[in-house]
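Every number for a ligand or one of its atoms is a count from 1 in the order of the listing. Note that the structure is predicted; figures quoted are calculated from it, not measured.
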Amino acid sequence: MGCTEVNPLVFDAARLRQANTIPERFVWPEHERPNNPSELDVPLIDLSGLRLGDAHTTFEAVKLVREACSRHGFFQVVNHWVESSLLKEAHEHMDRFFAMGLGEKQRAQRKPGESCGYASSFTGRFASKLPWKETLSFHFSPAMPHVVTDYFRSVLGDGFGSSGEVYQKYCDSMSEVSMNIMELLGLSLGVDRAHFRDFFMENDSIMRLNYYPPCQQPGLVLGTGPHCDPTSLTILHQDDVSGLQVFVDDQWHSIKPNPHAFVINIGDTFMALSNGRYKSCLHRAVVNSREPRKTLAFFLSPKMERVVRPPQDLVDQEHPRLYPDFTWATLLEFTQKHYRADMKTLDSFTRWLQTH
Ligand SMILES: C=C1C[C@]23C[C@H]1CC[C@H]2[C@]1(C)CCC[C@@](C)(C(=O)O)[C@H]1[C@@H]3C(=O)O
Ligand SMILES: O=C(O)CCC(=O)C(=O)O
Ligand SMILES: [Fe+2]
C-alpha cells in the first residue's frame, strides 16, 4: 500500500478523505488493527430509579456494579434526569464546532503538555500511530461554576457562548451522575457509602468531545488506540454510530450504541483507589468508511493535589498496597509530558515515580 507522507501539523480529515491513500503515521501495526468483533450485552443500571437509601433498588444495582467491575471494569447507566434536550444540544454544538475550517478550530489549538484545547493528531507528542480523530478538551470543576462557559467565550469568542452554556450544564450533570456512581462503587466494595463520593465531591475533571471522521481504509487506522483511561471514571455518551470496543476474555467486543445510555468505565486512578480490586477497562475506538462518529467523554478526576490512597478497609494482609500514594496532578503531567496513555500507564507511572 503506497502511503503519501503528509505533514500531520496540517492533518485535516477533510483533505485526507480526498487523498486516496492513508499516510504512514496513521497506519496502525497489523496486530492492533480493527477486526469485526461480536457485540457485547452490557449490564445496564437505571440510576433515576435508584434511591440509594432504599435497600431493594440499591441491592440490585450494587450487585451488578460489583460483578461488572470485578470482571471487566465497565457497565452502562441510564439517567432520565439528564434531559434528552441537553444531550441533543451537546451533539449539535459538537457538530457546529467540528464543521468549522481547520484554521478556525486551531484558534483553540492545544499546546504541548496541556490537556485542554483542540487537537487533530497530537503532533509532536508521538512518533507514530496517530489517532484518526479530532478532539476538543476542556477542564471542569464544580468549584468554578462558570469555568466551561468562560473557556468557550475566551478561546472561541462570544459567538460560542451558547456552546459554553450547553457544556457547562452537561458537565454539571455528569458530575452529579458521577457522585451517584461513586456511592454505588463504595457500597460494592464494602466501604462507607460516602467515602468515594466525598473524595470526588470536589473534582478537577476533563470533558472531551471526540469527532471521528470517516476513513476510506478504516481497517488500517484507529480512532483511539488501545488504552485504559488514566482518570478515575469515564462517562461516555455515544451517538448512534458504533465504534467503541472493549477487551474482555482476550477478545475485542463492540459496545452497541444506546443513545439513551452512558457507558461507564473504571480508570487507572480508581483502580489505585480500590487497591486493584477493580481493574481499569482496556478499550479503543474504531472508525468506518461511511459516516463520522461522535462521542462525549466526561473524565472524572480528583482535585489536582488530593492524595490518591485506597481506604484502609481495602488494604490488608491478603491485599497489600499495589500502588504508591500519588496525586492526579502528577499522573496527568506524566500522561501529557512523558508518556502516551496506553494499557500499562499506571505500572509505567509507578516506575517513573521511583526516579522522579
Ligand atoms: C487524561 C487524559 C489523557 C487522555 C485524555 C484523558 C483520558 C484519556 C486519555 C487518552 C484518550 C488515552 C488514549 C491516548 C490519548 C493520547 C488519546 O488518544 O487522546 C489519551 C488522552 C491524552 O493524553 O490527551
Ligand atoms: O470515543 C470513544 O468511543 C472512546 C473514546 C475514549 O476511549 C477516550 O476518549 O478515552
Ligand atoms: Fe478512553
Side-chain angles (χ1 to χ4, degrees), residues 26 28 32 34 42 73-74 76 91 94 98 110-140 203-213 221-247 252-259 261-270 280-288 292-302 304 328-346 348-349:
F26 291 90
W28 282 70
E32 289 187 327
V42 186
F74 65 89
Q76 280 191 111
H91 279 274
M94 185 153 51
F98 288 110
R110 174 170 167 173
K111 297 178 181 60
E114 290 188 2
S115 54
C116 266
Y118 169 74
S120 61
S121 63
F122 298 107
T123 311
R125 291 191 75 213
F126 312 119
S128 65
K129 297 202 290 186
L130 295 180
W132 191 268
K133 67 180 173 184
E134 299 174 65
T135 63
L136 178 64
S137 308
F138 42 94
H139 280 301
F140 168 80
N203 61 77
D204 280 329
S205 299
I206 296 171
M207 180 69 205
R208 172 169 280 196
L209 314 179
N210 288 308
Y211 182 81
Y212 301 100
V221 302
L222 284 173
T224 299
H227 69 281
C228 299
D229 295 338
T231 43
S232 293
L233 189 79
T234 305
I235 305 182
L236 187 95
H237 188 263
Q238 300 186 78
D239 63 6
D240 53 1
V241 180
S242 64
L244 175 61
Q245 297 183 353
V246 291
F247 196 72
W252 287 103
H253 298 269
S254 181
I255 293 198
K256 186 169 184 291
N258 173 351
F262 298 92
V263 181
I264 310 296
N265 67 260
I266 299 289
D268 290 340
T269 301
F270 196 84
S280 193
C281 165
L282 178 55
H283 58 287
R284 70 182 186 183
V286 299
V287 297
N288 69 79
R293 176 172 178 262
K294 298 169 296 162
T295 64
L296 298 154
F298 179 83
F299 298 111
L300 179 73
S301 300
M304 284 292 177
W328 166 238
T330 311
L331 177 52
L332 178 61
E333 183 194 358
F334 179 66
T335 67
Q336 300 307 296
K337 294 181 179 167
H338 308 289
Y339 188 90
R340 176 188 198 157
D342 55 18
M343 67 284 286
K344 306 183 300 293
T345 308
L346 210 46
S348 308
F349 176 59

Q. Using 30° and 60° as the class limits, which term best fits the ring planes of F334 and Y339: parallel, tilted or perpendicular?
A. parallel
Q: Given side-chain contact (heavy atoms from CB on, under 4.5 Å), test I206 with L332 step by step and report yes or no.
A: CA-CA 11 Å; I206 296 171; L332 178 61; 4.1 Å; yes
Q. Roughly how far, to the nearest 0.5 Å, is the CZ atom of R293 from the OG atom of S242?
A. 7.5 Å
Q. Going by the atom numbers of ligand 1, which of them fall below 4.0 Å from some non-hydrogen atom of D229?
A. 8 (C)
Q) When you measure from the side chain of D229 to the backbone N and O of T231, does any donor-acceptor pair fall under 3.5 Å? A) no
Q: Give, for atom CE of M304 and atom CG of N203, the distance between the pair rounded to the nearest 0.5 Å.
A: 10.5 Å
Q. Numbering the atoms of ligand 1 from 1, which are under 4.0 Å from a heavy atom of K133?
A. 17 (C), 18 (O), 19 (O)
Which atom pairs, nitrogen or oxygen on both sides, join ligand 2 and the protein at under 3.5 angstrom?
unit_1, atom_1, unit_2, atom_2, d
ligand 2, 1 (O), Y212, OH, 2.6
ligand 2, 1 (O), T295, OG1, 2.8
ligand 2, 3 (O), R293, NH1, 3.0
ligand 2, 3 (O), R293, NH2, 2.8
ligand 2, 7 (O), H227, NE2, 3.1
ligand 2, 7 (O), H283, NE2, 3.0
ligand 2, 9 (O), N210, ND2, 3.3
ligand 2, 10 (O), H227, NE2, 3.1
ligand 2, 10 (O), D229, OD1, 3.1

Q) So which of D239, I235, N210, L209 actually passes side chain to side chain contact (heavy atoms under 4.5 Å, CB included) with L296? A) L209
Q. Just by distance, do the side chain of S205 and the backbone of S301 share a donor-acceptor pair under 3.5 Å?
A. yes
Q) Looking at A341, which atoms of ligand 1 are within less than 4.0 Å of one of its heavy atoms? A) 12 (C), 13 (C), 14 (C)
Q | Separation between CZ of F98 and OH of Y212, rounded to the nearest 0.5 Å | A | 10.0 Å
(Q) Polar contacts were defined as any N/O atom of the residue lying under 3.5 Å from an N/O atom of the ligand; does this apply to R208 and ligand 1? (A) yes
Q | Inter-residue atom distance Y211.OH - K133.NZ, 0.5 Å rounding | A | 14.5 Å
**Q.** Residue part near ligand 1, for R110, under 4.0 Å between non-hydrogen atoms
**A.** side chain
Q: Enter the distance from H227:NE2 to R284:CZ here, rounded to the nearest 0.5 Å.
A: 12.0 Å
Q. Given side chains that start at C-beta, do those of S232 and P302 come closer than 4.5 Å, heavy atoms only?
A. yes
Q | Q76 side, atom CD; Q238 side, atom CD - distance, nearest 0.5 Å | A | 7.5 Å
Q. Based purely on interatomic distance, does W328 place a nitrogen or oxygen under 3.5 Å from a nitrogen or oxygen of ligand 1?
A. no
Q: Around the Fe ion (ligand 3), list the protein N/O/S atoms within a radius below 2.8 Å, excluding water molecules.
A: H227 NE2, D229 OD1, H283 NE2
Q. Ion pair present between K129 and E32, side-chain N to carboxylate O less than 4.0 angstrom?
A. yes
Q. Going by distance only, is there an N or O of R340 that falls short of 3.5 Å from an N or O of ligand 1?
A. no
